[in-house]
2 protein chains.
Amino acid sequence: MESTISGVGVIDKAAAILSAVADEPLALAGLVEATGLARPTAHRLATALECHGLIRRDPDGRFALGAQLLALGHAASRSWPLAEAANFALGGLRDQTGESAQLYVRQGDRRVCLASLESGHGLRTIVDTGEILPLGLGSGGRVLLEEVGPDGWLASVEERQQGVASVSAPVVDAAGRVVAAVGVSGPIQRLTRDPGPRFGPAVVAAAVSIATDAGLT
Amino acid sequence: MESTISGVGVIDKAAAILSAVADEPLALAGLVEATGLARPTAHRLATALECHGLIRRDPDGRFALGAQLLALGHAASRSWPLAEAANFALGGLRDQTGESAQLYVRQGDRRVCLASLESGHGLRTIVDTGEILPLGLGSGGRVLLEEVGPDGWLASVEERQQGVASVSAPVVDAAGRVVAAVGVSGPIQRLTRDPGPRFGPAVVAAAVSIATDAGLT
DNA sequence: ACGTATATTCCGGAATATGGAATCCACCAT
DNA sequence: ATGGTGGATTCCATATTCCGGAATATACGT
């Protein structure tokens with residue numbers, strides 16, 4: 001029976017419960033449907049998670065993500081050397097380009113925003129820390145899939161969102177593995193339909209700077 | 001055999017691993033010491049959590065909090081009606097008082113910051129969303145312990161941090177239970193050593209407004 | 001090349017999670 | 001009040017799953 005993905009069944013189920021509940025608060029019946037677990041099992045695990053603050057009950061009694069996850073998320077970004085290093089370099093990148101700058105890491109078949117600084121313009125792209133975006137769409141995602149051009153950067157225009165363009169570059173570790181993607185994004189009006197040549201070099205420089213500052217050498 | 005606190009042993013252990021790792025990245029040996037688990041058990045559970053992105057390995061191979069926790073933390077604050085309502089009311093409170101404004105909820109024997117807006121002053125208190133503070137110290141924490149004065153607010157001076165004072169009020173649900181604490185905080189120089197009378201009414205008003213907007217009636 | 005410290009895997013035994021069925025509860029309509 | 005319905009919650013025997021001592025592998029320093 002190799003139906004367990006992590007080697008520990010209970011943890012697979014708990015993770016399934018958390019991501020089911022992450023989409024929207026769910027009553028027990030909804031949780032059962034979303035996870036495929038038996039009703040007593042879903043209930044037992046959800047209440048167990050509730051004991052540890054990973055899940056809470058909303059005013060209607062439905063299961064929702066708990067306060068402990070806020071604390072852990074905060075601690076997670078604090079403990080990430082990459083995020084510390086990035087916040088400095090992203091500041092420079094934003095000031096230099098005048099556009100919003102973000103850092104993404106891969107998480108399974110998606111990407112998570114590790115750090116984000118917003119442009120001062122009224123019209124700007126907004127991505128929150130912790131936000132999830134697809135891997136295949138947008139320059140940041142495709143950089144994480146190792147699709148990089150010969151100049152070390154990759155540009156995309158209206159792939160993920162209408163009217164938005166972006167330029168990203170990989171942050172690589174000593175072994176050459178892509179560990180993150182830095183990028184700037186903004187409206188086509190300012191970035192134009194071919195933003196690569198104009199923003200690429202600055203983005204690549206920021207990526208190198210982040211890798212150095214984070215000690216990936 | 002009542003050694004299990006949530007009813008599901010594996011979840012207790014996984015939660016212990018997460019909070020151990022939240023303090024600082026740990027090698028397996030450190031994880032064993034911090035949790036009291038057997039080495040193989042700690043390893044198996046940690047790698048299982050790693051499969052789901054709740055834990056990652058830092059460049060030195062130690063266990064640290066994973067990217068999925070950022071995503072879940074973000075989703076958690078999104079799904080919190082209280083946080084939505086608070087961000088509006090906190091803005092008003094900050095503009096009205098000129099000081100930093102925060103919302104806390106209780107999480108076990110601590111409190112977690114659900115939302116935070118910072119004062120425009122150069123000298124100001126800074127608390128991040130997701131940050132953890134003690135329950136017993138500071139007006140916000142003590143409000144969560146139901147210690148409220150007759151006027152509906154509570155002030156504290158230099159309890160938690162030197163030079164800082166704060167005034168907080170409880171957000172109560174329909175049943176009268178305290179579900180959160182709103183407050184303003186800032187340096188004694190501006191708040192004085194008796195900030196209650198000056199800020200209390202505005203804080204109480206914000207608390208009521210949050211309760212209403214969040215649908216707690 | 002050797003020794004040490006650490007991480008990782010193995011595997012039999014035993015505690016633990018499982019889920020069908022029964023129970024309880026809140027709410028609504030009669 | 002009373003019966004009925006849709007949910008959540010608890011029970012419990014069973015088998016599955018997890019546990020952890022011991023063996024092994026790996027990385028690192030000398």
Side-chain angles (χ1 to χ4, degrees), chain A residues 1-18 20-21 24-52 54-66 173-177 215-217, chain B residues 1-18 20-21 24-52 54-66 173-177 215-217:
Chain A
M1 240 168 270
E2 269 315 317
S3 55
T4 158
I5 47 189
S6 73
V8 183
V10 174
I11 285 184
D12 293 345
K13 288 163 191 157
I17 287 176
L18 287 178
V21 162
E24 56 176 340
L26 289 172
L28 182 56
L31 194 55
V32 167
E33 188 186 7
T35 59
L37 299 171
R39 203 178 1 268
T41 303
H43 179 259
R44 181 161 16 86
L45 295 184
T47 51
L49 291 168
E50 188 185 2
C51 281
H52 296 283
L54 299 170
I55 275 194
R56 72 192 154 93
R57 308 293 267 263
D58 77 359
D60 303 333
R62 296 176 304 180
F63 297 100
L65 297 180
D173 67 6
R177 279 184 301 261
L216 304 177
T217 318
Chain B
M1 249 162 277
E2 271 312 319
S3 55
T4 158
I5 48 188
S6 74
V8 183
V10 174
I11 285 184
D12 293 345
K13 289 162 192 157
I17 288 176
L18 288 177
V21 160
E24 56 177 340
L26 289 171
L28 181 56
L31 193 56
V32 167
E33 187 185 8
T35 59
L37 299 171
R39 212 193 320 316
T41 303
H43 180 262
R44 178 160 18 86
L45 295 183
T47 51
L49 291 168
E50 188 184 2
C51 282
H52 296 284
L54 299 171
I55 276 194
R56 74 193 153 92
R57 307 296 267 263
D58 77 358
D60 304 334
R62 295 176 305 182
F63 297 100
L65 297 180
D173 67 6
R177 278 183 302 260
L216 303 178
T217 319

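Numbered from 1 within each chain, the chains take letters A, B, ... in sequence-line order.
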Are any non-hydrogen side-chain atoms of A:L31 and A:R39 less than 4.5 angstrom apart?
-> no
Selection from C:dT18, D:dC19, D:dA8 that lies nearest to any side-chain heavy atom of A:T41 | C:dT18
Where the side chain of B:A38 is defined as all heavy atoms beyond and including C-beta, which of D:dG20, D:dT9, C:dA7 is the nearest nucleotide?
-> D:dG20
With a non-hydrogen cut-off below 4.0 angstrom, is A:G7 in contact with a base, only sugar-phosphate, or nothing?
-> sugar-phosphate
Considering only heavy side-chain atoms of A:V8, the closest of C:dC10, D:dC18, C:dA7 is D:dC18
Give the rounded distance in Å between these two atoms: CG of B:L37 and P of C:dA7.
-> 15 Å
Nearest 0.5 Å, what's the CG-CD1 distance between A:L49 and A:I55?
-> 5.0 Å
Minimal heavy-atom distance between A:A42 and A:I17, with the atoms involved, is O-CD1, 4.0 Å
Least distance between heavy atoms, A:A48 atom then B:I11 atom = CB-CD1, 3.9 Å
To the nearest angstrom, the CG-P distance between B:L49 and D:dC18 comes to 12 Å
Measure the distance from CG on B:L45 to P on C:dT9 and round it to the nearest whole Å.
-> 14 Å
Under 4.0 Å: is that the gap between some side-chain N or O of A:K13 and OP1 or OP2 of C:dT18?
-> yes
Spacing of A:F63 atom CZ relative to D:dG7 atom C1', expressed in whole Å = 12 Å
Round to the nearest Å and state the distance from B:I11 atom CD1 to D:dC19 atom P.
-> 12 Å
May I have the distance from A:I17 (atom CD1) to C:dT18 (atom C1'), rounded to whole angstrom?
-> 13 Å
Toward the 5' end of DNA chain D, which comes first, B:G9 or A:A27, by nearest nucleotide?
-> A:A27
Among C:dT8, D:dA8, C:dA17, the one nearest B:V10 by side-chain distance = C:dA17
Could you tell me whether the phosphate oxygens of C:dT8, OP1 or OP2, come under 4.0 Å of any side-chain nitrogen or oxygen in B:R57?
-> yes
Can you tell me if the side-chain N/O atoms of A:R44 get under 4.0 Å from OP1 or OP2 in D:dT9?
-> no
Whole-Å distance between C:dT8 P and B:R62 CZ?
-> 14 Å
Which of these nucleotides, C:dA7, C:dT9, C:dT18, is closest to any side-chain atom of B:P40?
-> C:dT9
Specify the separation, in whole Å, of atom CG of B:D12 and atom P of C:dA17.
-> 9 Å
So, is B:R39 near the phosphate of D:dA23, with a side-chain N or O under 4.0 Å from OP1 or OP2?
-> no
Look at the side-chain N and O atoms of A:H43 and state whether any lies under 4.0 Å from the OP1 or OP2 oxygen of D:dT9.
-> yes
Worked verdict on A:T47 versus A:R57 for side chain to side chain contact (heavy atoms under 4.5 Å, CB included) = CA-CA 9 Å; A:T47 51; A:R57 308 293 267 263; 3.9 Å; yes
